[in-house]
Amino acid sequence: MERRLTSPHRAQPPEAAMAGALLPSPRSAADQEPNRRRTGRIEDQGFIGSMRTGAHVDRDGAITWMSPGRFDAPAVFARLLGCEEHGLWRVGPAADGPAPVADRRYLPGTLVLESTWITRDGTVQLVDFMPTGGQVPHVVRIVRGVSGRVTMRSLLRARPGYGRHVPPVSVEGHRASVDLDPGCLWLDTPAPTQAADGDLLSEFEVSEGETLSLTLTWSPDADVPPLLPDATGLLKETVDFWREWISQSTYAGPHQDAVERCLITLKALTYAPTGAIVAAPTTSLPEEIGGVRNWDYRYCWLRDSAFVIETFLTCGFVDEARAWIDWLRMAIGGRPELLQVMYGVGGERDLPETVLGWLPGHEGSTPVRTGNAAAKQLQVDVYGEVIGALYEAQLRDGSLAPAVGPMIIDLAACLEGLWSEPDEGIWEVRGPRRHFVHSKVMAWVAYDRAVRLIEAGHARGPVERWRALREEIHAEVCARGYDERRGTFTQSYGSAELDAALLQMVAVGFLPPTDKRVTGTIEAVQRDLSTKDGFLLRYHTRGAAPGRDGLSGDEGAFLICSGWMVAGQAATGRVDEAEILLAGLLGTRNDLGLMSEEWDPHRQRQLGNTPQGFSCLAVIQGVLALHAARGGQEPVRVKAAR
């Protein structure tokens with residue numbers, strides 16, 4: 001039952017509410033000062049989402065990151081990239097200050113997070129979720145008494161503008177408000193709430209069998225308060241939604257739980273109003289602790305989302321492909337010659353890169369960036385990835401052919417004047433453009449799929465010219481991108497460097513897995529780019545000196561590359577080795593099954609933005625490839641060229 005409090009407790013000041021947190025790694029004395037304590041590690045973050053935006057929940061019950069309304073809006077809780085003074089909403093036991101949970105999990109088949117504390121006074125649970133239905137964004141936090149009688153405390157410290165501003169707050173009865181200017185946050189709870197210095201403080205008790213809810217609602221209009229939420233009803237609706245959605249998955253085999261967790265996470269990265277899919281819901285989580293490789297991933301990369309759509313289709317989800325195709329058509333806007341590599345979730349083209357100098361960064365990793373200058377780069381491979389996803393969509397659902405056919409023809413026509421140019425490539429280098437082999441391979445994919453579509457009668461186009469162009473690109477890659485002496489393809493024409501993206505040659509059908517050039521490349525990449533634990537770097541960096549990507553600093557092992565290696569090994573018959581690599585990849589997940597972009601094999605910890613769509617794909621692709629190699633259901637694949 002919903003507990004109505006009868007005896008309010010005196011709320012402690014903010015300093016007391018924040019004292020004594022137990023953090024997972026050593027901190028300096030300065031970090032222990034009031035209002036200066038930082039967040040936990042990247043892997044300490046749980047994630048809840050509404051398919052419009054998301055929130056990150058640390059082990060101490062604090063929401064450390066949330067952008068209201070949509071993924072790329074300015075955050076109102078930004079402790080993840082700074083300190084407590086930059087905003088958080090913590091709910092947890094009041095005794096002895098903030099403490100880490102004893103256990104946490106997602107309710108099976110959902111994105112509903114359940115955290116459990118075991119205290120000297122009893123056991124209590126916190127259920128966190130964001131409802132998926134309706135137009136009004138909520139964060140719902142339901143406290144449940146399991147045993148004993150536990151005093152709980154809520155500290156809501158909203159700091160609009162990525163932690164920069166202290167907003168006006170007010171309390172009237174069981175409803176409190178935070179003026180974001182523009183917009184407003186409304187906190188509804190039966191717990192007595194006090195306003196102090198821009199914070200909202202609540203303290204209450206729960207006994208066995210009792211519950212109390214705290215619901216935070218965002219409204220773009222401060223003058224129109226939302227209706228009072230029904231927390232219990234919203235919980236049921238949210239659980240039902242996720243379980244019904246994941247029940248559509250067609251995969252049944254080894255590591256099914258891991259696959260389904262990754263699918264749910266990918267679904268949570270979709271922006272339901274348009275069908276766009278963000279790469280990750282965070283910005284500037286570092287690829288190297290203390291380093292400068294910190295980027296904003298809260299946008300829809302065509303490459304990333306195309307990979308996600310192909311994976312959804314492989315696992316039986318077609319509606320997501322339809323929605324993404326509608327978004328893509330809107331984003332292109334009838335001007336395929338102006339195609340960008342990424343867009344805002346609403347199709348926005350202008351994503352200026354800005355540094356937020358007031359944020360100290362996650363574990364001191366600066367700069368903190370919003371926007372992404374890579375939006376204006378030339379990345380030739382994107383054409384192949386998008387065309388490949390569109391082609392796969394019409395294979396899975398023939399009713400999509402009339403919609404995707406003209407898009408494929410238009411994009412292939414635009415690529416004719418671009419494929420032979422040097423570009424920034426899949427990894428978005430900020431150094432000089434080069435003739436990246438992966439980019440040329442994906443250009444080949446674009447014309448291979450376009451020709452197949454025309455030959456099947458689903459579109460009209462210059463099929464003879466594109467057949468010839470397909471052969472020309474293939475021959476050029478094999479002549480200029482292959483090192484005969486070393487028996488491997490290289491990162492770019494004339495380069496001695498290797499690149500893990502070359503592993504995609506097998507998946508896209510550029511060459512059959514039995515070709516010695518493929519097996520040689522897999523062996524060379526594994527030999528040259530593997531860490532001692534078997535994870536893969538994208539390519540080599542050079543520490544303090546700027547590398548070939550134009551950036552200083554190093555980075556962790558890029559997890560999608562490990563997924564590509566698992567798939568490559570499975571396709572070439574090295575199934576036992578692929579199993580070992582997959583086990584290592586699965587071992588990078590946190591206790592909730594979430595993965596960031598990269599893995600630090602030395603410190604055994606996650607790096608980069610989280611949860612990362614690419615890393616979810618790594619698990620799903622690796623599991624499916626191994627399942628097929630072991631004689632399970634084979635995903636639809638395009639026949640390889642020779």
Side-chain angles (χ1 to χ4, degrees), residues 11-12 14 17-18 21 35 37-40 44-50 53-69 73-94 97-101 104 112-113 115 117 124 126-131 137-143 152-163 165-167 169-171 174-180 183-204 212-219 229 231 281-282:
Q12 295 186 13
M18 288 178 286
N35 292 351
R37 189 170 53 254
R38 299 176 185 270
T39 195
D44 292 331
Q45 308 306 309
F47 178 69
I48 56 177
S50 64
T53 188
H56 288 68
V57 186
D58 210 333
R59 289 182 179 275
D60 64 352
I63 293 179
T64 60
W65 181 261
M66 190 185 80
S67 299
V76 295
F77 304 134
R79 189 183 88 168
L80 187 60
L81 295 178
C83 309
E84 299 213 342
E85 66 189 40
H86 297 113
L88 79 164
W89 181 17
R90 181 169 49 232
V91 175
V101 297
R104 60 180 183 170
V112 176
L113 179 62
S115 303
W117 285 271
V124 65
L126 174 64
V127 176
D128 288 326
F129 64 97
M130 299 182 79
H138 300 291
V139 178
V140 183
R141 317 196 77 180
I142 299 176
V143 179
M152 299 290 288
R153 181 178 294 131
S154 166
L155 168 63
L156 194 154
R157 174 173 292 153
R159 294 296 182 262
Y162 297 103
H165 306 297
V166 179
V169 297
S170 62
V171 179
H174 293 307
R175 169 164 276 184
S177 63
V178 181
D179 186 358
L180 301 181
C184 189
L185 293 173
W186 304 87
L187 175 65
D188 291 292
T189 179
T193 301
Q194 300 179 1
D197 301 324
D199 296 345
L200 294 172
L201 302 167
S202 308
E203 192 167 299
F204 54 93
L212 183 139
S213 65
L214 305 99
T215 303
L216 189 66
T217 306
W218 173 77
S219 172
T282 55

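Excluded from the calculations below are hydrogen atoms, water molecules and symmetry mates; all remaining heavy atoms, backbone and side chain alike, are included.
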Trainee: Please name the residue in the list His56, Arg141, Arg90 that meets the side chain to side chain contact (heavy atoms under 4.5 Å, CB included) test with Ile63.
Mentor: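 The residue from His56, Arg141, Arg90 that satisfies side chain to side chain contact (heavy atoms under 4.5 Å, CB included) with Ile63 turns out to be Arg141.
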
Trainee: With a 3.5 Å distance limit and no angle check, can you tell me whether Arg59 reaches the backbone of Arg104 through a side-chain donor-acceptor pair?
Mentor: no

Trainee: Kindly indicate, with the supporting measurements, whether the criterion side-chain contact (heavy atoms from CB on, under 4.5 Å) is fulfilled by Val76 and Trp218.
Mentor: CA-CA 11 Å; Val76 295; Trp218 173 77; over 6 Å; no

Trainee: Got a second to check how far Leu156's CG is from Leu185's CG, nearest 0.5 Å?
Mentor: 7.0 Å

Trainee: How close do Ala158 and Phe77 get, counting heavy atoms only, and between which atoms?
Mentor: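 Minimum heavy-atom contact is CA-CE2, 3.7 Å.
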
Trainee: Any idea which heavy atoms bring Ile48 and Asp128 closest together, and the distance?
Mentor: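 Closest pair (atom of Ile48, atom of Asp128, distance): CG2-O, 3.6 Å.
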
Trainee: Walk me through whether Asp199 and Arg159 qualify under side-chain contact (heavy atoms from CB on, under 4.5 Å).
Mentor: CA-CA 9 Å; Asp199 296 345; Arg159 294 296 182 262; 2.9 Å; yes

Trainee: As an exercise, state the distance from OG of Ser67 to OH of Tyr162, rounded to the nearest 0.5 Å.
Mentor: 5.5 Å

Trainee: For Gly198 and Val166, which heavy atoms make the closest approach, and how far apart are they?
Mentor: CA-CG1, 3.9 Å

Trainee: If only atom types and distance count, is the side chain of Ser154 paired as donor or acceptor with the main-chain N or O of Met152 below 3.5 Å?
Mentor: no

Trainee: Applying side-chain contact (heavy atoms from CB on, under 4.5 Å), run through Val178 and Leu200 and close with a yes or a no.
Mentor: CA-CA 9 Å; Val178 181; Leu200 294 172; 3.8 Å; yes

Trainee: Which atom names give the shortest non-hydrogen contact between Pro74 and Pro68, and what distance separates them?
Mentor: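 Closest pair (atom of Pro74, atom of Pro68, distance): O-CD, 3.4 Å.
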
Trainee: Looking only at atom types and distance, does a side-chain atom of Trp117 sit under 3.5 Å from a main-chain N or O of Ala99, one as donor and one as acceptor?
Mentor: yes

Trainee: Quickly, which of Glu85, Glu84, His86 forms a side chain to side chain donor-acceptor pair (under 3.5 Å) with Arg79? Name it, please.
Mentor: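 That would be Glu84; it is the only one of Glu85, Glu84, His86 passing the side chain to side chain donor-acceptor pair (under 3.5 Å) with Arg79.
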
Trainee: First locate atom CG of Leu80, then atom OG1 of Thr64, and finally report the distance between them rounded to the nearest 0.5 Å.
Mentor: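 So the CG of Leu80 and the OG1 of Thr64 are separated by 4.5 Å.
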
Trainee: Which atom pair, heavy atoms only, marks the closest approach of Trp65 to Pro281?
Mentor: NE1-O, 3.3 Å

Trainee: Got a donor-acceptor contact below 3.5 angstrom from the Thr189 side chain to the Leu214 backbone?
Mentor: no

Trainee: Pair Met66, Leu216 - check side-chain contact (heavy atoms from CB on, under 4.5 Å), show working.
Mentor: CA-CA 12 Å; Met66 190 185 80; Leu216 189 66; 4.3 Å; yes

Trainee: What heavy-atom pair brings His138 and Pro229 nearest, and what distance separates the two atoms?
Mentor: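 That closest heavy-atom pairing would be CE1-CB, 4.3 Å.
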
